[in-house]
Amino acid sequence: PGGGAAAALCAATAVALVEMVTRINEKKRSSPPVAKIRRRLQDLMTEDAKAFARISTLHKKGDKGPVFLKALKEGADCPEEICRLVSEASSYAVKQKNKTSRWLISDLKEAAVLLPAAFEAARFTVEVNLRSLEDEGRVGKVRSRLAAYEKKLRSNCRAILEGFHE
């Protein structure tokens with residue numbers, strides 16, 4: 001596995017904390033919606049590793065043609081999805097802040113530290129793959145989406161990390 005898989009693992013860990021806090025706050029035994037995000041992130045660990053293996057195999061063969069370019073595009077898709085899911089999870093997390101006891105707030109704050117770290121790690125992988133693409137339109141669209149995800153993520157995490165409440 002490569003950096004994208006590591007980013008997905010970090011993100012899944014952060015989202016698991018949000019999921020735990022949500023379950024306790026809402027006193028539910030059923031899965032909160034954020035659980036679906038965690039499961040998808042777990043799947044993305046494997047998907048990213050497969051994408052990396054494909055790119056690596058083609059690179060070693062010296063294939064720089066359309067098949068390689070397609071693999072690079074697909075290689076950027078997994079970590080971009082990680083970025084999107086991290087941003088989405090931060091929206092669930094921030095909703096828990098005022099419901100969370102002083103005993104659980106540290107878990108929520110830890111998630112607010114890990115989510116941006118996972119985002120940055122995934123973005124590195126996206127950028128590595130985008131650098132080799134010649135499709136400026138696609139590259140611009142991806143970077144624009146990443147900027148929007150990051151803006152929401154940073155705002156939500158900043159709100160979570162601001163002070164404790166009693």
Gap separating the [atom1] atom of [X] from the [atom2] atom of [Y], nearest 0.5 angstrom:
X: Cys83; Y: Glu80; atom1: SG; atom2: CD; value: 7.5 Å
X: Lys151; Y: Leu146; atom1: NZ; atom2: CG; value: 15.0 Å
X: Leu9; Y: Leu41; atom1: CG; atom2: CG; value: 10.0 Å
X: Tyr149; Y: Leu85; atom1: OH; atom2: CG; value: 9.0 Å
X: Thr22; Y: Lys27; atom1: OG1; atom2: NZ; value: 12.5 Å
X: Gln42; Y: Ile37; atom1: CD; atom2: CD1; value: 12.5 Å

With [X] via side-chain hydrogen bond (donor to acceptor under 3.5 Å, both in side chains) - residues at least two apart:
X: Lys95; value: none
X: Ser90; value: Asn156
X: Asp107; value: none

Salt bridge (charged side-chain N to carboxylate O under 4.0 Å, His left out) with [X]: which residues, sequence neighbours excluded?
X: Glu120; value: Arg123, Arg154
X: Lys70; value: Glu74
X: Arg143; value: Glu127
X: Glu88; value: Arg84

Point to revise | N-O pairing of Glu162 and Lys97 below 4.0 Å | key: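 A salt bridge is absent here (no side-chain N lies under 4.0 Å from a carboxylate O).
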Practice item. Any pair with a residue in residues 13-25 that passes salt bridge (Lys or Arg N to Asp or Glu O under 4.0 Å), sequence neighbours left out, goes on the list, sorted by first then second residue, please. Key: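 For residues 13-25, and leaving out neighbouring residues, the salt bridge (Lys or Arg N to Asp or Glu O under 4.0 Å) pairs sorted by first residue read Glu19-Arg23, Glu19-Arg38.
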Side-chain heavy atoms of [X] within contact of [Y], under 4.5 Å:
X: Asp77; Y: Val126; result: no
X: Tyr92; Y: Pro32; result: no
X: Asp135; Y: Lys73; result: yes

What heavy-atom pair brings [X] and [Y] nearest, and what distance separates the two atoms?
X: Val34; Y: Ala89; answer: CG2-CB, 4.4 Å
X: Gly4; Y: Thr125; answer: N-OG1, 3.4 Å
X: Ser132; Y: Leu69; answer: O-CD2, 3.8 Å

Please list, chain by chain and in numerical order, all residues satisfying side-chain contact (heavy atoms from CB on, under 4.5 Å) with [X], sequence neighbours excluded.
X: Cys78; value: Leu44, Glu47, Asp48
X: Val113; value: Leu161
X: Leu114; value: Cys10, Thr13, Ala14, Leu17
X: Ala93; value: Val18, Leu108, Ile160

